[in-house]
Visitor: 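Please see the structure below; I have some questions.
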Amino acid sequence: MSMMWQDLVFLAGSVLSIVFLAPTVRDVTARIPLGSSVPSMTIGAIYAATYATMGMSFSALGSFGVATMWSLIVCYRSPGPHDGPANVARFAVSLLRQAHETVTGVSTPAEDEPVASGQSAD
C-alpha cells in the first residue's frame, strides 16, 4: 500500500507541536492548568489510535509524540502541589466535583486542598 501524502502532512503538524511544546516541558517554572493539558493529552492519544486504525503510521507516531509531551506537562507542569500521573485522577475528581456542584448547588471541598467554588483543582 502506498503512503498517503496526508500522513506526512499530519506528521509535520505533530512535529511542530512537539517542537513548540518542548520549551514548556523544559521550563521548571511553567504552570499549565490541568483543564488545558489533560484534554490536550487525551485528544493526542485518541488521534494516535485513530490514525493507527486508518493505517497512517507516521501520523499515529506523531500524535503519540504530542500526547507524550502533553502527558509530561500534566505530570510535571501543573500549578498544583502534586507531581506525577496522579494529576489526571485529581483533574477527574475536580471535574466530577464541579459537575455535582452545578447539578445540586451544594459545594463539596476537595479532600487534599481547598478549592473555591467555581474553580477546578488545577
Visitor: Within a strict 4.5 Å, meaning less than it, do heavy atoms of the R90 and S78 side chains meet?
Guide: yes
Visitor: List for me each residue that meets side chain to side chain donor-acceptor pair (under 3.5 Å) alongside D27, sequence neighbours excluded, and say none if there are none.
Guide: T29
Visitor: How close do A60 and A52 get, heavy atom to heavy atom, and via which atoms?
Guide: CB-N, 3.7 Å
Visitor: In Å and rounded to the nearest 0.5 Å, what is the CE to CZ distance from M41 to F91?
Guide: 9.0 Å
Visitor: At what distance, to the nearest 0.5 angstrom, does OG of S37 lie from CG of L21?
Guide: 10.5 Å
Visitor: Kindly write out the residues that satisfy side-chain contact (heavy atoms from CB on, under 4.5 Å) with T104, not counting sequence neighbours, or none if the list is empty.
Guide: H100, V106
Visitor: Indicate if Y47 and M54 have the same hydrophobic cluster label, given that clusters are the connected sets of ILVMFWY residues with side-chain heavy-atom separations under 4.5 angstrom.
Guide: yes
Visitor: Who pairs with S57 by side-chain contact (heavy atoms from CB on, under 4.5 Å), at least two apart in sequence or on another chain?
Guide: none
Visitor: Without placing hydrogens or testing angles, list every side-chain donor-acceptor pair under 3.5 Å for residues 61-75, not counting sequence neighbours.
Guide:
residue	atom	partner	partner atom	Å
S63	OG	S59	O	3.3
T68	OG1	F64	O	2.8
S71	OG	A67	O	2.7

Visitor: CG/L8 to CE/M56 distance, rounded to the nearest 0.5 angstrom?
Guide: 9.0 Å
Visitor: Partners of F10 by ring pair (Phe, Tyr, Trp, His ring centres under 6.0 Å), sequence neighbours excluded?
Guide: Y51
Visitor: Between atom CG of L16 and atom CG of L11, what is the distance when rounded to the nearest 0.5 Å?
Guide: 9.5 Å
Visitor: Under 3.5 Å, is there a donor-acceptor pair between the side chain of R77 and the main chain of V25?
Guide: yes
Visitor: Is the backbone of I32 close enough, under 3.5 Å, to the side chain of S36 for a donor and an acceptor to pair up by distance?
Guide: no
Visitor: Hey, could you give me each pair passing ring-ring contact (aromatic ring centres under 6.0 Å, His included) that has a residue in residues 11-46? Not counting sequence neighbours.
Guide: none
